[in-house]
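Presented below is the structure to which this report refers.
Chain identifiers are assigned alphabetically (A, B, ...) following the order of the sequence lines, protein sequences preceding nucleic acid strands; residue numbering begins at 1 within each chain. Just so it is clear, the model here is predicted, and its values are computed rather than measured.
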Protein chains: 2
Amino acid sequence: MEQFPLFRNITAEQWQDMQRCFGVVERSYRADEVIYDFGDGRNMIGIVLSGSAVVERIDDQGNRAILEHLTPGGVFGEMLMFANVHGDSIRVLCEQPGRVCFLSYQALTKRCENACDHHSRLVENMFTLVADKATLLSERVEVLSRRSIRDKLLCYFAMQSAKGQQSAFTLPFTLSALADYISADRSAMMRELKKMRAEGIVEVKGRQVRLTA
Amino acid sequence: MEQFPLFRNITAEQWQDMQRCFGVVERSYRADEVIYDFGDGRNMIGIVLSGSAVVERIDDQGNRAILEHLTPGGVFGEMLMFANVHGDSIRVLCEQPGRVCFLSYQALTKRCENACDHHSRLVENMFTLVADKATLLSERVEVLSRRSIRDKLLCYFAMQSAKGQQSAFTLPFTLSALADYISADRSAMMRELKKMRAEGIVEVKGRQVRLTA
DNA sequence: AAAAATATGTGACATTTGCCACAAATGGGT
DNA sequence: ACCCATTTGTGGCAAATGTCACATATTTTT
């Protein structure tokens, strides 16, 4: 338990204390189960402990879009991601079965009298989780702010290969999901990928990608 | 000084201490001055205290894009926004003259032995600033993830009017800047706005916008 | 092992968008 | 009050993108 970012420098016993102090709730979820529904106004922060989840938006016309992929360490909640535009609903759905814990944003940001040491350690750890979230969101904004599908793909590929420090890497999701991530039509993306392959800019077989430029 | 989020529950004297402890640097900037250049690898967190700044990216073809607007309380830095894709440069430029303070990400996340009370208060305050940043980025992702210019505009307008709890509101920037924000061509956006006006969906005069749907 | 569901790949066609060029309006600064 | 820079507004045209429709892998479930 100690190696997970949320629990850094926190012992199991201290975590027990905190659960009482902050009203922490921990739950398991099965695939496709609804973990959280924005608009319920529960004002909670959720943290993915294991498994994975997706934040999806369904607008008034019924279009589904994936706003975020959450892996262990991922955080969500109204205070961390303003959402509810008029009619469309935003939900967090379980993808890979796993555990999620919830704590109140208020309890975290308001200094409490007792157990203040626990408190500050938890805030420190939450700080790194939220900072990581900001990084991921920044990356996505960088990709989405490109004007064309080609530029979006090149930006995303460049980032991924920079992370692994190799020109080749494996996509963390399917090509269909990649189309969602860059917010483009799947078949339009496929067409562009074909062109890019033909021009010798990238090699794509399955989820293996290599930048050859 | 106490009302600014970064300094909540921190007195001027404590702030003096912290500046020594964390090696905080504070500086003033004139309009158009370069505040920060990613890729210098200084690994600092910057916080806008007053004035405003923009985070801009110039890609290898020379295209300029605004990634973020920073107002007082806005934070930036490599650890908070992964950036440097291959050749293109990302910089923070001063817009409205003001002050910025810098502190080391390491000092913030590593528990220090002395002055631990200062430390945890600062982390708490940084937590709220980074959480706010995550919120802003989430909003932008929500807008950018819409497929068409019209949907982007409607999403953005809906968010703004939801904030003010009114159907009318004032744009925080020019229409040109709005085009940058939604990452669309300005004239294409104008064309779409004209159509929307003609259909009676919105009223736009200057920076005044009203949703009439 | 078969069946069902999901993902990949491709093409034709309509629409949207980006790009360019230019005129008018607005806004700061001196 | 003037000038200069920026913003707003508009149109034509080419290129990029989305939509639909379908065939083929691939993966997952039964």
Hey, are A/E192 and A/K152 close enough for a salt bridge, meaning a charged N less than 4.0 Å from a carboxylate O?
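Looking at A/E192 and A/K152, the cut-off is not met.
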Can you tell whether the side chains of A/R140 and A/E68 come within less than 4.0 Å, N to carboxylate O?
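Looking at A/R140 and A/E68, the cut-off is not met.
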Can you measure from [atom1] ([X]) to [atom2] ([Y]) and round to the nearest 0.5 angstrom?
X      : Y      : atom1 : atom2 : result
A/R64  : A/R57  : CZ    : CZ    : 11.5 Å
B/L144 : A/S183 : CG    : OG    : 8.0 Å
A/I45  : A/L80  : CD1   : CG    : 4.5 Å
A/Y105 : A/M126 : OH    : CE    : 9.0 Å
B/L122 : A/E124 : CG    : CD    : 10.5 Å
B/S161 : B/Y156 : OG    : OH    : 10.5 Å

Taking OP1 and OP2 of D/dT17, is either one under 4.0 Å from a side-chain nitrogen or oxygen of A/R150?
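No, because none of the side-chain N or O atoms of A/R150 sits under 4.0 Å from OP1 or OP2 of D/dT17.
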Spacing between [X] atom [atom1] and [N] atom [atom2], to the nearest angstrom:
X      : N      : atom1 : atom2 : result
A/R30  : D/dT29 : CZ    : C1'   : 17 Å
A/M196 : D/dT17 : CE    : P     : 11 Å
A/D185 : C/dA14 : CG    : P     : 17 Å
B/E192 : D/dG9  : CD    : P     : 15 Å
B/Q208 : D/dT7  : CD    : P     : 18 Å
B/M189 : D/dT10 : CE    : P     : 12 Å
A/D151 : C/dG18 : CG    : P     : 12 Å
B/R147 : D/dA16 : CZ    : C1'   : 15 Å

Between the protein and nucleotides 27-30 of chain C, are there any N/O to N/O pairs under 3.5 Å, and if so, what are the atom names and distances?
none

If every non-hydrogen atom of A/E95 is compared with every non-hydrogen atom of A/A31, which pair is closest and at what distance?
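Closest approach of A/E95 to A/A31, heavy atoms only: O-CB, 3.4 Å.
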Criterion side chain to side chain contact (heavy atoms under 4.5 Å, CB included) against B/L137, the qualifying member of A/T135, A/V141, A/L136
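Among A/T135, A/V141, A/L136, the one meeting side chain to side chain contact (heavy atoms under 4.5 Å, CB included) with B/L137 is A/V141.
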Answer yes or no: are there more than 12 heavy-atom neighbours, outside A/R99 itself, under 6.0 Å from its atom CZ?
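Enclosed: over 12 neighbouring heavy atoms sit under 6.0 Å from CZ of A/R99.
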Between the first and last five pairs of the helix from C/dA1-D/dT30 to C/dT30-D/dA1, the angle of the axes, rounded to 10 degrees
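Computed from the C1' atoms at both ends, the axes differ by 70°.
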Protein-nucleic acid N or O pairs under 3.5 Å, nucleotides 4-10 of chain C:
| from | atom 1 | to | atom 2 | distance (Å) |
| --- | --- | --- | --- | --- |
| C/dT8 | OP1 | A/L175 | N | 3.2 |
| C/dT8 | OP2 | A/L175 | N | 3.2 |
| C/dT8 | OP2 | A/S176 | N | 2.9 |
| C/dT8 | OP2 | A/S176 | OG | 3.0 |
| C/dG9 | N7 | A/R186 | NH1 | 3.1 |
| C/dG9 | O6 | A/R186 | NH2 | 3.0 |

